[in-house]
Amino acid sequence: MYDTSELTLEEKASLTSGGGFWTTASVGRAGVPSITVADGPHGVRLQAGEADHLAIAESLPATCFPPAVALGSSWDPDLAERVGAALGTEASAMGVSVLLGPGVNIKRSPLCGRNFEYLAEDPVVSGALGAALVRGIQSKGVGASLKHFAANNQETDRLRVSSDVDPRTLREIYLRAFERVVKDAAPWTVMASYNRINGVYASENRWLLTEVLREEWGFDGLVMSDWGAVSDRVGGVRAGLDLEMPASGGRTDARIVQAIRDGLLGEDELDAVTRRVLDLVERATAADRPSAPGIDQEAHHALAREAAARSIVLLKNDEGLLPLRRDADVAVIGEFARTPRFQGGGSSQVNPTKIDAPLDAIRAAAAGKVSFAPGFTLDGSADDARLRDEAVAAAAYAEVVVLFLGLPVTEESEGFDRTHLNLPAVQLELVDAVRAVNPRTVVVLSNGGVVVLPFAEDVAAIVEGWLLGQAGGSAVADVLYGSVNPSGRLAETIPWRLEDSPSFGNFPGELQHVRYGEGMFVGYRGYDARDSSVAYPFGHGLSYTTFSHDDLRVVAAGNGDLEVTVNVTNTGSVAGREVVQVYTSLRHSIVQRPPRELKGFALASLEPGETRAVTVTVRRRDLAYWDVRVDRWVLEPGTYRIEVGASSRDIRLSTDVDLAGERVEVELSLESGSDEILADPIAGPLFLEALVEHGMATDDQALRVLGMFPIGRMDGFPLPHDTAVELIARYRAAKNAGAPTPTPA
Ligand code: BGC
């Protein structure tokens with residue numbers, strides 16, 4: 001147990017910034033060792049030689065598991081926990097104490113250049129999978145770093161931009177996944193993001209790092225900065241930023257010391273953050289880890305393959321074209337089949353232990369003839385027309401075409417946002433030429449952020465392969481040939497056009513501000529509210545079998561959660577996994593609400609003909625809204641609609657549930673609107689009486705017109721000022737006396 005009282009002021013300050021690029025500082029005299037951290041999130045990126053934080057220098061080989069865009073589409077927390085455990089094992093074996101992930105930022109816009117590192121456009125999916133990853137990583141005695149806290153939803157100007165978000169949206173959308181992970185999985189560390197939130201840098205934001213994270217959510221770990229995020233270190237200490245990363249060369253440590261000497265910062269404030277750095281070091285050094293755990297690379301590769309196969313989303317499959325017959329003659333087209341894109345660029349980029357190319361895996365799985373034509377180059381360096389003609393010739397003679405399309409590496413990365421959602425023109429021309437000669441065309445996509453699919457109605461099948469990690473090539477073959485029945489579901493909507501996306505026009509902002517103008521209406525919440533047609537909705541994903549849902553029942557548990565149960569039957573002829581999705585809504589709410597919001601989900605693996613009762617827990621807290629009048633969560637009383645669906649636009653069953661909830665009592669004043677006064681059981685009757693007394697109409701239309709008028713604003717309309725003052729006084733007196741309803745005079 002290290003003690004801050006044994007350290008000098010300078011030593012304490014030195015511990016609150018990195019010792020190096022990937023290490024905490026040590027204090028040899030006091031026996032405080034340094035510990036190592038490494039990216040994250042889908043593999044260990046440990047740089048042995050020259051270090052940087054954007055993966056410019058190479059790192060030691062490690063398993064490249066499916067990036068979050070893929071794993072998020074598995075909707076499978078158990079799988080995520082197993083991947084997390086494997087990440088923990090590798091980190092531990094490589095001497096890493098904290099793995100810098102997972103990232104649970106919401107995919108606010110499909111243009112965010114880093115969407116491949118994030119799990120979903122919905123906080124329940126992000127929170128559930130994020131918590132599972134943290135549990136898995138930490139089960140191996142390695143800490144996780146939950147990032148990027150918070151409202152870091154774009155790359156444009158990410159080190160300076162202010163995410164201007166209203167408090168309710170912040171709580172219900174952008175903080176919700178973080179809250180769930182902190183409460184359910186207790187990450188060792190949280191990483192404060194680069195950006196500002198409503199004008200205040202995350203790494204200097206006391207409200208965020210101390211009031212919300214620690215005091216409200218009970219977080220007891222360490223908060224570190226993102227790499228280079230700190231602009232005011234002393235402000236950061238005050239706010240509760242424990243560790244600045246990476247090393248500041250002593251510059252900011254000296255500022256802390258000076259601030260204490262000048263009386264601008266209390267030594268107790270420094271002690272608090274130093275204590276938490278020491279706690280982390282203690283936790284890491286005491287962690288129960290096998291002394292020299294070996295990494296079973298083959299087993300981890302197999303897990304990466306399983307996870308990738310479970311993450312693939314079958315978007316379309318006309319006339320059961322998939323799975324392919326093993327003896328079918330197949331033309332494989334597209335350079336991505338030979339040179340797969342399996343992860344995104346930037347700090348998360350892992351140096352894989354090996355790479356499975358889809359083409360090799362298809363050749364291994366197929367019993368028929370497999371021909372290949374690249375169709376295009378990844379860097380546009382060859383004669384497109386010639387490559388297209390070659391591909392068309394191969395397609396014309398094959399029974400089935402498997403066409404690999406995707407985003408080139410130059411189009412998406414950490415560090416910049418995308419400007420459009422299109423696949424390269426050369427690929428779109430290719431798909432048209434190929435399907436013209438062979439309608440039995442299956443498109444397989446490789447992309448970290450969503451792309452629009454102008455050919456969606458014209459090809460027979462579409463497999464969304466995202467970025468699947470190092471074993472993705474084999475996983476694609478597993479799904480194409482049916483050794484794995486696809487069960488992935490979209491964790492983000494695929495729109496027809498960028499212009500339809502709810503944040504369009506408010507992304508990526510300008511002049512260092514981005515306005516979250518769509519508010520709560522992010523992703524499917526927004527598409528549904530506007531009733532816009534989408535290419536493939538949130539939650540969508542086909543299987544080689546079919547499922548039916550019956551007998552929806554809802555029971556309230558003792559703690560107020562709802563247990564939503566439905567019988568699911570596999571009505572097809574092969575075993576498969578269904579993701580049961582539960583959405584809720586409340587009509588006639590006092591706050592704006594999306595038409596439906598995901599509140600829980602569960603997976604069921606079913607043999608053909610099998611029926612199983614599947615229960616999804618909807619947390620009471622997730623039904624609440626953030627009330628800005630009282631700054632807390634409130635469960636509004638009313639009739640809630642509970643919907644069970646196979647996607648957000650394929651609702652199979654629904655029922656209504658009455659919840660008692662709580663009406664927030666707001667103290668009335670002269671600033672209260674006439675409608676608020678009328679709704680109050682004490683003031684309402686007094687108000688009506690006063691209106692009559694002053695000759696004002698009280699029919700519905702008149703009251704509607706008066707509706708929003710604060711009663712004390714104008715003398716004479718709707719009431720003389722003195723009458724309004726008296727009314728409020730009588731209301732207060734009656735309330736203080738505890739009288740339920742005063743008798744009108
Ligand atoms: C990224 C973080 C990453 C860190 C260290 C930053 O640029 O935003 O996600 O963990 O670098 O590489």
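Every number for a ligand or one of its atoms is a count from 1 in the order of the listing. Each residue takes its place number in the sequence, starting with 1.
- For ligand 1, the atoms lying closer than 4.0 Å to a non-hydrogen atom of D226 are 1 (C), 2 (C), 3 (C), 4 (C), 6 (C), 7 (O), 8 (O), 11 (O).
- Ion pairing between R171 and E216 holds under the 4.0 Å rule for side-chain N and carboxylate O.
- The aromatic rings of Y174 and Y516 sit perpendicular to each other, their planes meeting at more than 60°, with 30° as the lower class boundary.
- Within ligand 1, counting atoms from 1 as listed, the ones closer than 4.0 Å to a heavy atom of K147 are 2 (C), 3 (C), 9 (O), 10 (O).
- Note on D622 versus R180: salt bridge recorded, some NZ/NE/NH1/NH2 to OD/OE distance being below 4.0 Å.
- For W75 and F538, the ring centers sit closer than 6.0 Å to each other.
- At least one cation-pi condition fails for R214 and F219: the charged atom is not both under 6.0 angstrom from the six-membered ring centre and inside a 45 degree cone around its axis.
- The closest side-chain heavy-atom distance from D39 to W22 is below 4.5 Å.
- Between D279 and R275 there is a salt bridge, with a side-chain nitrogen of the basic residue lying less than 4.0 Å from a carboxylate oxygen of the acidic one.
- Salt bridge R158/E414: present, at least one basic N to carboxylate O contact under 4.0 Å.
- Within the listing of ligand 1, atoms 1 (C), 6 (C), 7 (O), 8 (O) sit less than 4.0 angstrom from a heavy atom of E414.
- Each of the following atoms of ligand 1 lies closer than 4.0 Å to a heavy atom of Y194: 6 (C), 7 (O), 8 (O).
- Note: no N/O pair closer than 3.5 Å links W227 and ligand 1 by distance alone.
- Within ligand 1, the atoms closer than 4.0 Å to a non-hydrogen atom of R114 are 1 (C), 2 (C), 8 (O), 9 (O), numbered from 1 in the order shown.
- Residue-ligand proximity, R45 to ligand 1, at heavy-atom distances under 4.0 Å covers atoms 12 (O).
- Checked against a 3.5 angstrom limit, the closest N/O atoms of E117 and ligand 1 fall outside it.
- Using a cutoff of 4.0 Å between basic side-chain nitrogens and carboxylate oxygens, R525 and E172 are not scored as salt-bridged.
- Nearest protein heavy-atom neighbour of atom 11 (O) of ligand 1: H53 CD2, 3.3 Å.
- For W22, no nitrogen or oxygen atom sits less than 3.5 Å from a nitrogen or oxygen atom of ligand 1, counting backbone and side chain alike.
- Residue M191 approaches ligand 1 through these ligand atoms, each under 4.0 Å from one of its heavy atoms: 10 (O).
- Neither the backbone nor the side chain of M245 has a heavy atom within less than 4.0 Å of ligand 1.
- Among L100, V37, D39, the residue whose heavy atom sits closest to atom 3 (C) of ligand 1 is D39.
- Contact atoms of ligand 1 toward R158: 7 (O), 8 (O) (distance under 4.0 Å to a heavy atom of the residue).
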